[in-house]
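Read through the structure below, which is laid out as C-alpha cells, and then see the notes.
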Amino acid sequence: MKISELPQSTVHHIIVFGEPKSGKSTLAGTLAEAGYNLIWISMDNGHSVLHKLSRAAQERIELVRLPDTKDYPIAIETCLQIMKGGPTRICEQHGKVECATCKKVEGAGWVTVHLNAADSNTIHVFDHISQLATSCMNHINRKMSDEYKPTWEDYRVQGTLMDKFLSNIQQSPAHIVCIAHVCETEMEDGAKKLVPLVGTVPFSRTAGKYFDDMVHVGVSNKTHK
C-alpha cells in the first residue's frame with residue numbers, strides 16, 4: 001500500500017507529565033467536560049481530583065480502581081491484561097482480572113474494560129504509569145525481603161514489562177491518555193531535558209516514542225501551564 005492510499009489515523013495516544021499537584025489529572029479530566037466518556041484506570045487515587053468536575057462530567061467517567069501497593073502490586077498484572085484489547089472483567093474490591101475471591105461473593109462489584117471495542121468518543125486514561133513502573137518492580141521482587149536491593153537484572157525485566165505495555169499503546173485502536181511524573185535527564189548531546197518518568201531514567205528518555213503527543217504541565221506564578 002502506498003502512503004497516499006493510507007487514511008490518516010484519527011486515534012490519539014497522549015502522555016501528560018509533570019510534578020505532583022501540577023494539574024495532570026485535572027487536565028485529563030476536562031475531557032469529560034468536553035463530552036468524552038472516560039475509562040479511568042486509577043493506580044494511586046489521583047481520581048480524587050475529579051470531584052471538582054461538574055456532575056454531568058463525573059457521570060461520563062467510569063472508574064477502574066487498582067489498589068496497588070508494595071505488598072500487592074496488582075497494577076502491572078491488570079494493565080497488561082487490559083492492553084491485550086479483549087473484554088477484561090475486573091473486580092472493584094481488588095482490581096484483579098477474574099478475581100477468584102470475588103467470584104465466590106454474591107453481589108460483588110465488577111467493571112469490564114474492552115479496549116478494542118471502544119468508540120471514537122471513549123478515552124482510556126491510565127493514572128499514572130510512573131506508579132505502573134513501581135508496580136513492575138514490586139511484582140518482580142514480591143518474594144524478596146524489604147531490605148532487598150534491586151539488581152541490574154531486575155531493572156532489565158522492569159524495562160521489558162513497561163515496553164510491553166507501552167508498545168501495545170502504540171498499536172492500540174483506542175484513544176489513550178497516560179499520566180506520569182517527570183524527571184530530568186541528560187541527553188546524549190549534554191542538554192538537560194524533562195521527560196515522563198516511566199521506569200529507570202535511561203528508559204524514560206525514550207518514553208516519547210510510544211506516543212503521538214507529549215504534554216508537560218507545571219505551575220508558575222500560581223498559574224497552571
Side-chain angles (χ1 to χ4, degrees), residues 12-34 36-83 88 90-97 109 111 113 115 118 122-139 161-162 165-166 169 172 174-183 194-199 204 207 210-211 213-219 222-225:
H12 296 283
H13 303 140
I14 300 171
I15 187 164
V16 180
F17 65 105
E19 298 286 349
K21 309 301 181 183
S22 58
K24 303 181 296 295
S25 298
T26 301
L27 177 63
T30 60
L31 291 165
E33 296 284 12
Y36 288 97
N37 299 313
L38 306 185
I39 310 297
W40 197 282
I41 297 107
S42 178
M43 304 172 217
D44 73 338
N45 290 327
H47 61 272
S48 60
V49 302
L50 301 178
H51 287 292
K52 300 175 184 177
L53 301 174
S54 68
R55 181 70 178 181
Q58 291 181 43
E59 288 292 325
R60 285 190 281 270
I61 302 176
E62 181 77 37
L63 179 64
V64 181
R65 183 173 172 270
L66 307 182
D68 191 81
T69 65
K70 179 176 175 57
D71 295 326
Y72 184 63
I74 191 62
I76 187 60
E77 176 186 322
T78 298
C79 287
L80 287 176
Q81 287 289 331
I82 290 172
M83 291 311 302
T88 308
I90 304 163
C91 75
E92 293 183 349
Q93 183 173 355
H94 308 105
K96 188 173 180 64
V97 177
V111 59
V113 179
L115 201 70
T122 299
I123 301 171
H124 291 74
V125 180
F126 289 89
D127 183 17
H128 55 82
I129 61 173
S130 301
Q131 178 63 34
L132 187 64
T134 300
S135 181
C136 278
M137 188 58 73
N138 290 334
H139 171 77
L161 291 174
M162 288 302 294
F165 172 79
L166 294 168
I169 287 179
S172 176
H175 294 307
I176 294 175
V177 173
C178 288
I179 297 171
H181 288 323
V182 64
C183 67
L194 297 177
V195 297
L197 181 62
V198 295
S204 297
Y210 299 101
F211 298 93
D213 296 284
M214 302 171 68
V215 181
H216 177 228
V217 299
V219 179
K222 299 182 179 181
T223 302
H224 287 86
K225 296 183 178 180

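Looking only at side-chain heavy atoms (C-beta outward), Val195 and Phe17 stay at 4.5 Å or farther from each other. Inter-residue side-chain proximity for Ile61 and Leu53 is flagged as met; some heavy-atom pair is nearer than 4.5 Å. Side-chain atoms of Ile129 and Leu166, non-hydrogen and from C-beta on, do get closer than 4.5 Å to each other. By the 4.5 Å heavy-atom criterion applied to side chains, Met43 and Cys79 are counted as neighbours. Leu132 places a side-chain heavy atom less than 4.5 Å from the side chain of Met162. Residues Lys96 and Tyr72 form a side-chain contact, since some pair of their non-hydrogen atoms from C-beta on lies under 4.5 Å apart. Residues Glu77 and Val97 fail the side-chain proximity criterion, which asks for heavy atoms closer than 4.5 Å.
Here salt bridge (charged side-chain N to carboxylate O under 4.0 Å, His left out) pairs that include residues 39-48, with residues two or more places apart or in two chains, number zero. Counting only residues at least two apart or in different chains, salt bridge (charged side-chain N to carboxylate O under 4.0 Å, His left out) contacts with residues 126-135 are absent. Screening residues 45-64 for salt bridge (charged side-chain N to carboxylate O under 4.0 Å, His left out), with sequence neighbours left out, gives Arg55-Glu59. The list of salt bridge (charged side-chain N to carboxylate O under 4.0 Å, His left out) pairs with a residue in residues 19-31, not counting sequence neighbours, is empty.
Note that CG of Leu38 is 9.0 Å distant from OG1 of Thr30, once rounded to the nearest 0.5 Å. Atom CD1 of residue Ile123 and atom CG of residue Leu31 lie 4.5 Å apart, to the nearest 0.5 angstrom. Between the CG atom in Asn37 and the OG1 atom in Thr122 there is a gap of 5.0 Å [rounded to 0.5 Å]. For the atom pair CZ of Arg65 and NE2 of His94, the computed distance is 10.5 Å after rounding to the nearest 0.5 Å. Considering CG of Leu50 and OG of Ser48, their distance stands at 7.5 Å, rounded to 0.5 Å. Taking CD1 from Ile169 and CD1 from Ile15, the interatomic distance works out to 8.0 Å, rounded to the nearest 0.5 Å.
Under the ring pair (Phe, Tyr, Trp, His ring centres under 6.0 Å) criterion, Phe165 pairs with Phe126, not counting sequence neighbours. The ring pair (Phe, Tyr, Trp, His ring centres under 6.0 Å) check on His181 picks up His128, with sequence neighbours excluded. Shown here are the side-chain hydrogen bond (donor to acceptor under 3.5 Å, both in side chains) partners of His13, two or more places apart in sequence or in another chain: there are none. Contacts of His175 classified as ring pair (Phe, Tyr, Trp, His ring centres under 6.0 Å), with partners at least two apart in sequence or in another chain: His12. Under the side-chain hydrogen bond (donor to acceptor under 3.5 Å, both in side chains) criterion, Thr223 pairs with no residue at all, not counting sequence neighbours. Taking the side-chain contact (heavy atoms from CB on, under 4.5 Å) definition, one finds that Ser42 meets it with Trp40, His47, Leu63, sequence neighbours left out. With sequence neighbours excluded, no residue forms a salt bridge (charged side-chain N to carboxylate O under 4.0 Å, His left out) with Glu33. With sequence neighbours left out, Ser135 forms a side-chain hydrogen bond (donor to acceptor under 3.5 Å, both in side chains) with Asp68.
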Worked check of side-chain contact (heavy atoms from CB on, under 4.5 Å) between His124 and Val64: CA-CA 10 Å; His124 291 74; Val64 181; over 6 Å; no
Residue pair Val111, Ile39: steps toward the side-chain contact (heavy atoms from CB on, under 4.5 Å) verdict: CA-CA 10 Å; Val111 59; Ile39 310 297; over 6 Å; no
